[in-house]
Amino acid sequence: MAKFASNEVLDAALAVVAGANRMLLLAGQPASYAAAVAGALAETTMAPADFTLAAGSGGARQIGVAARAGLVARAAGTADHVALVDGVGQRLLYVTSCPAQPLTAGNGVTVASWQVSIGAPL
């Protein structure tokens, strides 16, 4: 039996992710909002303009997350995960791995643009 989800359904899920108001760089995957905030090596604020909704490949939908420059590492460590969080609702919205990047407290950090994709049901 075939499965279907309209773009509106997929876009609604991505809209929740795009509601993030902070991006955190972390050493390891956090299990909760509190763990993400406590373990953040660097962070930046996010705004709705930092997210771009688009079609993905194979019927998927995606949001592009804008590159961020000028972050300052607040702690030393190797950032290997990025989290998008809602600080107002204290929700951990999305976590993904990223290329490992050694950070030194006080040094500048740049995050390249990346995408969050949700595929059509299989």
Side-chain angles (χ1 to χ4, degrees):
M1 174 182 225
K3 297 179 180 141
F4 170 80
S6 72
N7 286 344
E8 289 82 9
V9 170
L10 302 176
D11 291 353
L14 292 170
V16 173
V17 175
N21 58 13
R22 293 164 64 194
M23 181 186 338
L24 312 175
L25 298 181
L26 302 147
Q29 181 174 345
S32 66
Y33 171 82
V37 171
L41 301 174
E43 68 177 272
T44 187
T45 58
M46 302 296 288
D50 293 321
F51 300 96
T52 306
L53 185 64
S57 62
R61 299 292 290 169
Q62 67 182 29
I63 53 170
V65 181
R68 306 298 293 198
L71 285 74
V72 176
R74 65 181 192 197
T78 300
D80 58 10
H81 283 76
V82 179
L84 294 172
V85 301
D86 167 15
V88 176
Q90 296 187 345
R91 300 181 298 160
L92 179 62
L93 299 175
Y94 191 85
V95 179
T96 189
S97 59
C98 64
Q101 184 173 189
L103 305 181
T104 303
N107 284 0
V109 181
T110 297
V111 178
S113 64
W114 52 288
Q115 292 80 34
V116 175
S117 296
I118 295 182
L122 302 174

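Keep in mind it's a predicted model, so treat the numbers as computed, not measured.
- Phe51 and Leu92 sit in two unconnected hydrophobic clusters of ILVMFWY residues. Membership requires side-chain heavy atoms under 4.5 Å apart, directly or through other members.
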Enumerate donor-acceptor pairs with a distance under 3.5 Å from any side-chain N or O in residues 4-20 to protein atoms, sequence neighbours excluded.
| residue | atom | partner | partner atom | Å |
| --- | --- | --- | --- | --- |
| Ser6 | OG | Glu8 | N | 3.4 |
| Ser6 | OG | Glu8 | OE1 | 3.2 |
| Ser6 | OG | Val9 | N | 3.4 |
| Asp11 | OD1 | Arg61 | NE | 2.7 |
| Asp11 | OD1 | Arg61 | NH2 | 3.4 |
| Asp11 | OD2 | Arg61 | NH2 | 3.1 |

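- Minimum heavy-atom separation, Pro121 to Lys3: CB-CB, 4.0 Å.
- At a threshold of 4.5 Å between side-chain heavy atoms, the hydrophobic network of Ile, Leu, Val, Met, Phe, Trp and Tyr places Leu41 and Val65 in one connected group.
- Across Ala100 and Thr78, no two heavy atoms sit closer than the pair CB-CG2, 3.7 Å.
- For the atom pair NE2 of His81 and CG of Leu25, the computed distance is 12.0 Å after rounding to the nearest 0.5 Å.
- By the criterion of side-chain heavy atoms lying less than 4.5 angstrom apart, applied directly or through intervening Ile, Leu, Val, Met, Phe, Trp or Tyr residues, Val109 is grouped together with Trp114 in one hydrophobic cluster.
- Cluster membership for Tyr33 and Val82, using ILVMFWY side-chain heavy atoms within less than 4.5 angstrom, is not shared.
- Summarising the geometry, atom CG belonging to Leu71 is positioned 7.5 Å from atom OG1 belonging to Thr110; distances are rounded to the nearest 0.5 Å.
- Considering all non-hydrogen atoms of both residues, Gln115 and Gly64 come closest at CG-CA, 4.2 Å.
- Contact detail for Val95 and Pro30: the closest heavy-atom pair is CG1-CD, 3.9 Å.
- For Arg22 (side chain) and Glu43 (main-chain N/O), no donor-acceptor pair under 3.5 Å exists by modelled atom type.
- In terms of hydrophobic clustering, with Ile, Leu, Val, Met, Phe, Trp and Tyr side chains grouped at heavy-atom distances under 4.5 Å, Val72 and Met23 are assigned to different clusters.
- Using a distance-only test at 3.5 Å, with no hydrogens or angles considered, a donor-acceptor pair links the side chain of Asn21 to the main chain of Gly87.
- Residues Ala42 and Ala73 come closest through the heavy atom pair CB-CA, 4.0 Å.
- Between Leu93 and Val85 there is no side-chain heavy-atom pair separated by less than 4.5 Å.
- For the side chain to side chain donor-acceptor pair (under 3.5 Å) condition, the pairs that include at least one residue of residues 46-58, sequence neighbours left out, are Asp50-Arg68.
- The structure places CZ of Arg74 at 15.5 Å from CG of Asn107, a figure rounded to the nearest 0.5 Å.
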